[in-house]
Peer 1: 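Submitted below is the structure of interest, expressed as structure tokens.
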Amino acid sequence: MELPNGGVTKPESQSKERLAIFELAHMISVPMSLVAIIKLKVPQTIWQEGSNTPLSASEIITRVHPHGSADPHNLQRMLRLLTSFNIFVEHLNPNGERKYTLTDIGKTLVDDDEGLSYAYYMLQHHEDALINTWPFVAEAVEDPTTVPFKKANGDGAMSYYSKRPNMINLFGKAMRSVSVPFMREMLENYDGFNGVESLVDVGGNYGDCLEMIMQRYPNIRKGINFDLPHVVAHAPPLPGIIHVGGDAHEFVPNGDAIFLKWLVTTSTDEDTRKVFENCYKALPNGGKLIVVEPVLPESTDESQRTRTLLGADVYNMTMYNPKGKQRTEQQFKDLANFAGFSSCRAFYVDPFMSLLEFQK
Ligand SMILES: C[S@@+](CC[C@H](N)C(=O)[O-])C[C@H]1O[C@@H](n2cnc3c(N)ncnc32)[C@H](O)[C@@H]1O
């Protein structure tokens, strides 16, 4: 454009905006490459029981596909992409050869001593049935009466997994892999189980979280792991813990305190209220309901935490329940107040999961 003084300005550039859209348009390359390198066993090949040896794509291929015709150049393309997302460190030699080690984030994809890693969570979220559901996400807006997962696969997610042993096993391993490290951190930073003699874990799955709490707090002499009957049917015997099958919308067993983790994140407000009311009935006066769930920030920003929580919210809407939702601290307080709880203390013990302690 020509200015009156004879100067010329560049037309307003939209290069940043174009780049931002290109980044989003190609974002799917990131999780899918991550899944591919997990399936190709790249993280443990580099990690080698702690050595974290710099390896080139060719060296990785030699170790994982010694007799095959696998293509190291294509592997390197994914390693470079994932380096830009802080999974690998790239070591560029003067001869142009690229070698890779794991970052601290990359290390979380390698099994620990208990055979757990975040790789299972990543794999579980990208199984074919879940990937095939994403094209139906707009249906959660247009017709929220049916879960997009069901539209894509003809069955609800949990029922679908439970009919396929590989899927339900992976789901269980993914849950445990992310819950165990979180529980260790939570137990370091929250001491609200002091003085509790009987503790109920509502939606406790196989009782792993309850077992960890009871190992740390020997004052809890009786643990009740409460979950759906078909789940507790497979729960292993655990010292001091009894497994009780039932539906938390109908009743919750009695205890001095109730622990409820990662249960209502896929529930509607109405169902959450019912569960909280049943917890209230099951507690003595002065008893505590300890809720551990993702808690959304009030305002929306561009932080990693906000993005992660909102991403998980849309994921749950798509896979599990279009009308279930993640909630802010205030929304949790409103539901708990409605159920009769009088006071609430919030502990932000972890960037993803927060702990809300409600008192009867
Ligand atoms: C996301 S998992 C969380 C498991 C465990 N609390 C943890 O944090 O690792 C949710 C659990 O809630 C259980 N669940 C779902 N609906 C339930 C209900 N109505 N009553 C009791 N348990 C339920 C599921 O079977 C599953 O074990």
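Values in this document were obtained by computation on a predicted structure and should not be read as measured data. The figures that follow rest on heavy atoms only: side chains count, while hydrogens, waters and symmetry mates do not.
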Peer 1: For the pair Phe358 and Phe341, name the ring-plane relationship: parallel under 30°, tilted 30 to 60°, perpendicular over 60°.
Peer 2: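 The arrangement is tilted - the two ring planes meet at 30° to 60°.
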Peer 1: Whether the Ser159 and Ser162 side chains hold a donor-acceptor pair (N or O, under 3.5 Å, no angle test) is what I'd like checked.
Peer 2: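 Ser159 vs Ser162: no donor-acceptor pair found between side chains.
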Peer 1: Linking I/L/V/M/F/W/Y whenever any side-chain heavy atoms sit under 4.5 Å apart, do Met175 and Met353 land together?
Peer 2: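 They do share one cluster, since a chain of ILVMFWY contacts under 4.5 Å joins Met175 to Met353.
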Peer 1: If you look only at pairs with a residue in residues 150-170, which of them pass as a salt bridge (Lys or Arg N to Asp or Glu O under 4.0 Å), with sequence neighbours excluded?
Peer 2: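 Residue pairs passing salt bridge (Lys or Arg N to Asp or Glu O under 4.0 Å), neighbours aside: Glu139-Lys151, Asp143-Lys151, Asp155-Lys163.
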Peer 1: Pair Met319, Leu130 - check side chain to side chain contact (heavy atoms under 4.5 Å, CB included), show working.
Peer 2: CA-CA 7 Å; Met319 302 302 163; Leu130 289 89; 4.0 Å; yes
Peer 1: Locate the shortest heavy-atom distance separating Gly245 from Val232; write the atom from each residue and the value.
Peer 2: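 For Gly245 and Val232, the tightest heavy-atom pair comes out as CA-CG2, 3.5 Å.
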Peer 1: Out of curiosity, does Leu81 fall in the hydrophobic cluster containing Leu24 (side-chain heavy atoms, cut-off under 4.5 Å, transitive links)?
Peer 2: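 Cluster IDs for Leu24 and Leu81 match.
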Peer 1: Could you tell me whether the side chain of Lys288 and the main chain of Gln359 form a donor-acceptor pair under 3.5 Å?
Peer 2: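 Here the side-chain-to-backbone pair does not exist.
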Peer 1: Please report the shortest heavy-atom distance between Met317 and Ala140, naming the atom on each side.
Peer 2: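 Closest approach of Met317 to Ala140, heavy atoms only: CE-CB, 3.8 Å.
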Peer 1: For Met212 and Val180, which heavy atoms make the closest approach, and how far apart are they?
Peer 2: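 The answer is CE-O, 3.5 Å.
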Peer 1: With sequence neighbours excluded, what pairs up with Thr300 under the side chain to side chain donor-acceptor pair (under 3.5 Å) test?
Peer 2: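 Thr300: no side chain to side chain donor-acceptor pair (under 3.5 Å) contacts found.
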Peer 1: Please enumerate all residues that pass side chain to side chain donor-acceptor pair (under 3.5 Å) together with Lys274, with sequence neighbours excluded.
Peer 2: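 Here no residue qualifies.
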Peer 1: Between Tyr160 and Phe149, does a ring-ring contact (aromatic ring centres under 6.0 Å, His included) hold up when you go through it step by step?
Peer 2: CA-CA 10 Å; Tyr160 188 92; Phe149 184 97; 5.4 Å; yes
Peer 1: Is a donor on one side and an acceptor on the other found under 3.5 Å between the side chain of Asn153 and the backbone of Ala129?
Peer 2: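 Yes, Asn153 side chain to Ala129 backbone: donor-acceptor pair under 3.5 Å.
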Peer 1: Show me the pairs that pass salt bridge (Lys or Arg N to Asp or Glu O under 4.0 Å) and involve residues 291-316, at least two apart or across chains.
Peer 2: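 Every pair satisfying salt bridge (Lys or Arg N to Asp or Glu O under 4.0 Å) with a residue in residues 291-316: there are none.
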Peer 1: Under the side chain to side chain donor-acceptor pair (under 3.5 Å) rule, collect the residues that match up with Arg77, sequence neighbours excluded.
Peer 2: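 Side chain to side chain donor-acceptor pair (under 3.5 Å) check on Arg77 returns Asn74.
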Peer 1: Check the hydrophobic clustering (I, L, V, M, F, W, Y; side-chain heavy atoms under 4.5 Å; chains of links allowed) and say if Val264 and Leu356 are grouped together.
Peer 2: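 Yes, Val264 connects to Leu356 through the hydrophobic network.
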Peer 1: What is the ring orientation for Tyr161 with Phe171, classed by angle as parallel under 30°, tilted 30 to 60°, or perpendicular over 60°?
Peer 2: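 The rings of Tyr161 and Phe171 sit tilted, inter-plane angle from 30° to 60°.
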Peer 1: Does Val89 have any side-chain contact (heavy atoms from CB on, under 4.5 Å) partners at least two apart in sequence or in another chain, and if so, which?
Peer 2: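 Result, side-chain contact (heavy atoms from CB on, under 4.5 Å) vs Val89: His91, Thr101, Thr103.
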Peer 1: Is there a chain of hydrophobic side chains (I, L, V, M, F, W, Y, each step under 4.5 Å between heavy atoms) that links Leu260 to Phe251?
Peer 2: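 They do share one cluster, since a chain of ILVMFWY contacts under 4.5 Å joins Leu260 to Phe251.
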Peer 1: Sort and list the pairs that fulfil salt bridge (Lys or Arg N to Asp or Glu O under 4.0 Å) and have at least one residue in residues 240-268, not counting sequence neighbours.
Peer 2: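 Residue pairs passing salt bridge (Lys or Arg N to Asp or Glu O under 4.0 Å), neighbours aside: none found.
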Peer 1: Listing request: all salt bridge (Lys or Arg N to Asp or Glu O under 4.0 Å) pairs with a residue in residues 202-217, at least two apart in sequence or in separate chains.
Peer 2: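 Applying salt bridge (Lys or Arg N to Asp or Glu O under 4.0 Å) to every pair that reaches into residues 202-217, excluding sequence neighbours, yields Arg176-Asp208, Glu188-Arg216.
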Peer 1: For the residue pair His125 and Tyr121, categorise the inter-ring angle as parallel (less than 30°), tilted (30 to 60°) or perpendicular (more than 60°).
Peer 2: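 His125 and Tyr121: tilted rings.
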Peer 1: Do Trp262 and Tyr206 sit in one hydrophobic cluster, given that two such residues count as connected whenever their side-chain heavy atoms are within less than 4.5 Å of each other, even indirectly?
Peer 2: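 They do not share one cluster, since no chain of ILVMFWY contacts under 4.5 Å joins Trp262 to Tyr206.
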Peer 1: Quick one: side-chain hydrogen bond (donor to acceptor under 3.5 Å, both in side chains) pairs with a partner in residues 334-348, sequence neighbours left out?
Peer 2: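 side-chain hydrogen bond (donor to acceptor under 3.5 Å, both in side chains) check on residues 334-348 returns Glu329-Tyr348, Gln330-Asp334, Arg345-Glu357.
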Peer 1: How far apart are the C-alpha atoms of Asp112 and Ser117, what are their side-chain angles, what is the distance that settles it, and do they pass the side-chain hydrogen bond (donor to acceptor under 3.5 Å, both in side chains) test?
Peer 2: CA-CA 6 Å; Asp112 65 13; Ser117 84; over 6 Å; no
Peer 1: Is Asp269 salt-bridged to Lys323, going by a charged N under 4.0 Å from an acidic O?
Peer 2: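 Salt bridge between Asp269 and Lys323, a charged N being under 4.0 Å from a carboxylate O: no.
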Peer 1: How would you list, by chain and number, every residue that makes a salt bridge (charged side-chain N to carboxylate O under 4.0 Å, His left out) with Glu90, sequence neighbours excluded?
Peer 2: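 Checked Glu90 against salt bridge (charged side-chain N to carboxylate O under 4.0 Å, His left out); matches are Arg80, Arg98.
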Peer 1: With sequence neighbours left out, what residues match Lys99 under side chain to side chain donor-acceptor pair (under 3.5 Å)?
Peer 2: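 Here the qualifying residues are Glu59.
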Peer 1: Where the side chain of Arg327 meets the backbone of Thr265, is there a donor-acceptor pair that is under 3.5 Å apart?
Peer 2: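 Pair absent, no side-chain N/O of Arg327 close to backbone of Thr265.
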Peer 1: Let me know which of Val64, Leu75, Leu102 forms a side-chain contact (heavy atoms from CB on, under 4.5 Å) with Val42.
Peer 2: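 It is Leu75; the other options fail the test.
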Peer 1: Applying side-chain hydrogen bond (donor to acceptor under 3.5 Å, both in side chains) as the test, list every pair that has at least one member in residues 224-236; sequence neighbours left out.
Peer 2: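 Those involving residues 224-236 are Asn225-His243.
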Peer 1: What is the minimum heavy-atom distance between Thr268 and Asn321, and which atoms define it?
Peer 2: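 Heavy atoms only, the tightest pair is CG2-ND2, 3.9 Å.
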Peer 1: Check step by step if side chain to side chain contact (heavy atoms under 4.5 Å, CB included) holds for Leu82 and Tyr100.
Peer 2: CA-CA 10 Å; Leu82 296 173; Tyr100 297 88; over 6 Å; no
